[in-house]
Amino acid sequence: MQKGMALNMECKAAIAYMHDYLDRELPREQTLELQKHLASCAECRTRLEALEKTDALMRTLASEKTPDDLTYRIMKSLPKSRNPRAWTTWVRRHPAMSAAAMFIVVMVSSFVAMWNQNQQLTVRGDLDHVVIQGHTVIVPAGQQVAGDLTVENGVAQVMGDVQGNLTVIDGNVTLASTAHIAGKVKTIDRAVDWAWYKVTSWFDTIAYGS
Amino acid sequence: MKPIETRLARLARKGDQRAFAEIVDLYKDKLYHLAYRMMNNRQEAEDVVQESFLRVYKHLDRYDENQKFSTWIYRIATNLCIDRLRKRRPVYSLDAETDHEGLDGYAMLPSDERTPESEVILSETQRLIRDAIETLPVKYKSVMILRYLQDLSLQEISDVLDLPVTTIKTRVHRGREFMRKKLENKL
Ligand SMILES: [Zn+2]
């Protein structure tokens with residue numbers, strides 16, 4: 001097939017069949033049709049060969065070596081405690097309350113939405129050694145932040161050293177392989193804590209009528 | 001008997017950190033491989049993997065056990081990659097039958113693929129395939145990576161990307177033709 005020349009109908013159909021064939025989805029009858037066409041069309045034969053080769057090459061692509069301490073860094077970047085099941089279990093054990101619970105959840109989520117609006121990025125700590133881009137606070141590789149670093153309503157991206165604790169309130173944190181945090185990494189989701197507090201106090205009211 | 005991931009997810013949901021660490025161990029290599037080929041950058045791949053697990057952790061309650069865990073986690077990671085790529089690269093399409101050679105101004109962006117340490121272990125063929133994948137437009141790239149590097153079926157890719165199987169099929173076909181053109185005269 002010359003470049004730029006339109007494919008004839010038969011070749012066009014054959015090419016579609018080739019792909020289905022490579023996907024192992026070409027029915028037997030069409031496979032026979034394809035074979036028949038290939039027997040009489042050198043261009044399509046060349047094309048199928050090239051496609052098969054491409055297919056095989058793609059499958060040989062080696063995996064990247066995952067950094068050794070990735071699991072450790074992932075585990076360290078997780079919020080400290082996770083126990084959101086407590087109250088949903090409670091709801092399940094008290095089906096009569098479910099409707100009331102739904103109502104409260106809807107109400108609370110609108111509070112949370114309100115809560116999340118107009119939140120400004122606040123950074124506390126050694127500002128000489130961080131870079132702020134939009135809502136991201138970066139500790140560049142090789143930089144040392146003296147003491148604690150607190151980020152509120154933003155993302156902390158640590159590639160260098162933090163010599164104290166790293167606290168992220170209403171945001172999240174990513175740690176690069178070069179990151180070193182001398183103290184603890186803590187993420188606090190205030191909106192959720194607050195919602196949780198609201199929900200429990202409502203349930204207390206309903207349950208104990210106080 | 002539920003699959004191992006489902007059991008681990010249940011334990012992790014109750015606050016069992018070791019169960020979550022096991023999930024991380026089961027998937028970190030796959031996600032890293034996926035993210036590295038999508039982003040073509042080690043640091044960004046790591047960021048994506050970290051963020052994926054953080055999302056999985058935060059949303060364990062939303063995991064629907066009728067769905068394969070792998071589908072769910074691949075969806076989270078793939079979407080993160082796609083979002084990042086959309087933000088950084090110019091939009092162009094394979095649908096218009098133009099010649100894409102040299103169209104990607106993207107090659108100018110920093111990539112750590114050519115650092116000396118990785119160059120040593122990369123064979124020429126591997127490098128050609130990587131470069132060809134790198135020039136694929138995002139929507140074909142994700143499908144091709146899931147198909148060939150993660151070995152997912154067309155149906156699984158359709159579940160991950162939440163697109164009809166026919167769309168996935170078309171993208172595999174076009175992606176394969178794109179790769180053929182890229183590799184043909186170089187090998
Ligand atoms: Zn033909």
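On a predicted model such as this, the values are computed, not experimentally measured, just so you know.
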Student: Keeping the roles fixed (side chain from B:Gln50, backbone from A:Arg73), state whether a donor-acceptor pair exists under 3.5 Å.
Tutor: no

Student: Are the side chains of A:Ser77 and B:Phe53 in touch, meaning some heavy atoms are under 4.5 Å apart?
Tutor: no

Student: Are any of the side-chain heavy atoms of A:Leu78 and B:Lys58 separated by less than 4.5 Å?
Tutor: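 Not touching, per the 4.5 Å side-chain cut-off.
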
Student: Within a radius of less than 6.0 Å around NZ of A:Lys76, do more than 12 heavy atoms belonging to other residues, nucleotides or ligands occur?
Tutor: yes

Student: Considering only NZ, NE, NH1 and NH2 on the basic side and carboxylate oxygens on the acidic side, decide whether A:Arg59 and B:Asp151 come within less than 4.0 Å.
Tutor: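 Salt bridge: yes.
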
Student: Using heavy-atom distances under 4.5 Å, tell me whether B:Leu54 contacts chain A through its side chain, its backbone, both, or neither.
Tutor: both

Student: Is any side-chain heavy atom of A:Leu70 closer than 4.5 Å to one of B:Asp29?
Tutor: no

Student: Look up atom CD1 in A:Ile74 and atom CD in B:Glu51, then write down how far apart they are to the nearest 0.5 Å.
Tutor: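 If we round to the nearest 0.5 Å, A:Ile74:CD1 and B:Glu51:CD are 12.0 Å apart.
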
Student: Nearest 0.5 Å please: distance from the CE atom of B:Met144 over to the OG1 atom of A:Thr54.
Tutor: 8.5 Å

Student: Please determine whether salt bridge (charged side-chain N to carboxylate O under 4.0 Å, His left out) holds for the pair B:Lys169 and A:Glu25, giving the CA-CA distance in whole Å, both sets of side-chain angles, and the decisive distance to 0.1 Å.
Tutor: CA-CA 10 Å; B:Lys169 211 180 266 190; A:Glu25 288 199 341; 2.7 Å; yes

Student: Given side chains that start at C-beta, do those of A:Asp23 and B:His173 come closer than 4.5 Å, heavy atoms only?
Tutor: yes

Student: Relative to chain A, which segment of B:Ile133 carries a heavy atom at a distance below 4.5 Å: side chain, backbone, both, or neither?
Tutor: side chain

Student: Would you check, one step at a time, whether the test salt bridge (charged side-chain N to carboxylate O under 4.0 Å, His left out) holds for B:Arg176 with A:Asp55?
Tutor: CA-CA 7 Å; B:Arg176 205 187 264 135; A:Asp55 218 59; 3.1 Å; yes

Student: Answer whether the closest heavy-atom distance between the side chains of A:Leu51 and B:Met179 falls below 4.5 Å.
Tutor: no

Student: Only counting residues at least two apart or in another chain, list the ones meeting ring-ring contact (aromatic ring centres under 6.0 Å, His included) with B:Phe69.
Tutor: B:Tyr27, B:Tyr63, B:Trp72

Student: Any chance you could measure B:Ile23, atom CD1, to A:Thr71, atom OG1, to the nearest 0.5 Å?
Tutor: 12.5 Å

Student: Show me the pairs that pass side chain to side chain donor-acceptor pair (under 3.5 Å) and involve residues 27-38 of chain A, at least two apart or across chains.
Tutor: A:Glu10-A:His37

Student: Quick check for you: to the nearest 0.5 Å, what is the distance between A:Ser63 atom OG and B:Gln150 atom CD?
Tutor: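 Going from the OG atom of A:Ser63 to the CD atom of B:Gln150 covers 8.0 Å.
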
Student: In Å and rounded to the nearest 0.5 Å, what is the CD1 to OG1 distance from B:Ile129 to A:Thr60?
Tutor: 4.0 Å

Student: For A:Arg47, is there an ion pair with B:Glu177 - N to carboxylate O distance below 4.0 angstrom?
Tutor: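 Answer for the salt bridge query: yes.
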
Student: Quick check for you: among B:Ser153, B:Ala21, B:Ala45, which has the greatest number of heavy-atom pairs under 4.5 Å with chain A?
Tutor: B:Ala21

Student: Contact part of B:Leu154 toward chain A, heavy-atom cut-off under 4.5 Å: side chain, backbone, both or neither?
Tutor: side chain

Student: Check whether A:Ile15 gets within reach of chain B through its side chain, its backbone, both or neither, counting any heavy atom under 4.5 Å.
Tutor: side chain

Student: Nearest 0.5 angstrom please: A:Ser177 OG to B:Gln43 CD, how far?
Tutor: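 Interatomic distance, A:Ser177 OG to B:Gln43 CD, rounded to 0.5 Å: 6.0 Å.
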
Student: Does the side chain of B:Gln126 come within less than 4.5 Å of A:Leu61's, by heavy atoms?
Tutor: yes

Student: Tell me which of these, A:Met159, A:Arg24, A:Lys65, has more heavy-atom pairs under 4.5 Å with chain B than the rest.
Tutor: A:Lys65

Student: Between B:Arg130 and A:Glu64, does a salt bridge (charged side-chain N to carboxylate O under 4.0 Å, His left out) hold up when you go through it step by step?
Tutor: CA-CA 12 Å; B:Arg130 287 175 176 204; A:Glu64 309 301 336; 2.9 Å; yes

Student: Do B:Tyr32 and A:Pro67 come within less than 4.5 Å of each other through their side chains, counting heavy atoms only?
Tutor: yes

